[in-house]
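Keep in mind that what you see is a predicted model, and the values were worked out from it rather than measured. Just so we're on the same page: letters track the sequence lines, and every chain starts at 1.
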Amino acid sequence: MLTLIHDHKFLTTRQLQALAFTHHASELSAARTTRRVLQRLHRERLLASLPRRVGGMYGGAENPTWHLAPTGYRLHYLASGGADDELPRRIREPSERTVKHCLAVADARIAVEETARETGDVLVVRIVTEPDNWRRYTDSMGTTEVLKPDLELVTRTSDEHGHYEDRWFLEVDLSTEHPPVIVRQCQQYEAYRRTGQEQDRTGVFPLVVWVVRTTARTQRLARAIRAARRLDTGLFRVITGEQLPALIRGGVGGEL
DNA sequence: TACTCTGGATCTGTAAACTT
DNA sequence: AAGTTTACAGATCCAGAGTA
């Protein structure tokens with residue numbers, strides 16, 4: 001639980017249920033168990049939750065959003081061998097936008113894992129969150145850049161001819177950025193691809209998938225990417241969240 | 001034996017919107 | 001002005017299963 005929350009920065013009770021309590025007799029029972037475990041971790045001061053709306057015009061209460069408390073950081077740091085990041089720094093108040101984005105990235109991960117679990121025809125080999133999935137490279141100007149995908153994903157599909165391993169970089173878009181900003185980020189992927197670093201390591205370059213909210217947005221972004229100069233459109237795909245399961249089941253095919 | 005975990009059933013708390 | 005509706009997370013009770 002601590003690792004999941006550490007990796008995603010923020011997770012809701014429901015998301016933790018979907019990620020960690022998947023073999024219960026009923027959804028209700030899974031939810032109850034999730035709550036009990038979170039309560040315990042909260043009581044031990046390992047977790048804290050953000051303020052949430054309770055009652056009101058939309059009815060019910062908002063699902064709690066959890067993050068690690070300082071003790072939780074410390075414990076995770078010790079449990080993970082103290083290897084991956086520095087000791088707990090002061091936790092500063094996150095912006096609502098940051099939280100929403102973290103939760104949306106987690107939703108994408110959940111969609112992928114649920115697809116794998118429910119269909120059985122795709123296997124999740126690796127899923128890496130920030131900052132472990134960052135890629136450092138030197139661009140054509142000689143400056144050091146860092147590529148920061150929202151999620152790095154390796155999946156495996158099988159058919160009668162054998163296994164196929166697919167690699168992906170996922171970017172989750174909540175329509176908060178203007179298309180030129182998205183295009184600039186695509187150019188960063190393109191620049192990284194030109195270094196050949198990734199291909200040297202794994203043989204292929206991952207497909208960069210923009211996961212957006214609406215079909216109108218897919219069209220806007222796809223148009224912007226196609227219109228951009230020096231951008232290999234075969235490298236990118238823009239889809240809605242609903243299309244994500246189909247995409248990873250089908251492997252990399254089709255076009256922008 | 002003694003403790004913990006699980007899961008079904010049912011009850012509470014909450015506050016804006018709606019009704020009377 | 002007062003009461004009711006709404007919708008959901010969460011609380012509580014409890015029996016049966018699991019475990020040391």
Inset, instruction - Would you mind checking if A:R135 and A:E152 are paired as a salt bridge, meaning a charged N to carboxylate O distance below 4.0 Å? - result: yes
Legend entry - Check: A:V105 main-chain N/O paired with A:D150 side-chain donor or acceptor under 3.5 Å: no
Legend entry - Separation of atom CG in A:L28 from atom P in C:dA11, rounded to whole Å: 14 Å
Legend entry - A:D173: which of A:K100, A:R217, A:R220 passes salt bridge (Lys or Arg N to Asp or Glu O under 4.0 Å): A:R217
Inset, instruction - Starting at CG of A:L16, measure out to OG1 of A:T34 and round the result to the nearest 0.5 Å. - result: 7.5 Å
Inset, instruction - Mind listing the closest non-hydrogen atom pair of A:V212 and A:T218 along with its distance? - result: CG2-CG2, 3.3 Å
Legend entry - Phosphate contact (B:dG7 OP1 or OP2) by A:H24 side-chain N/O below 4.0 Å: yes
Legend entry - Residue of the set A:L41, A:L46, A:L47 for which side-chain contact (heavy atoms from CB on, under 4.5 Å) holds with A:E44: A:L46
Inset, instruction - Please list, by residue number, the residues of residues 29-39 of chain A whose heavy atoms come closer than 4.0 Å to an atom of DNA chain B; answer none if no residue qualifies. - result: A:S29, A:R32, A:T33, A:R36
Inset, instruction - Determine: side-chain N/O of A:R14 to OP1/OP2 of C:dA9, distance under 4.0 Å, yes or no. - result: yes
Legend entry - Rounded distance in Å - CZ (A:R40) to P (C:dG10): 16 Å
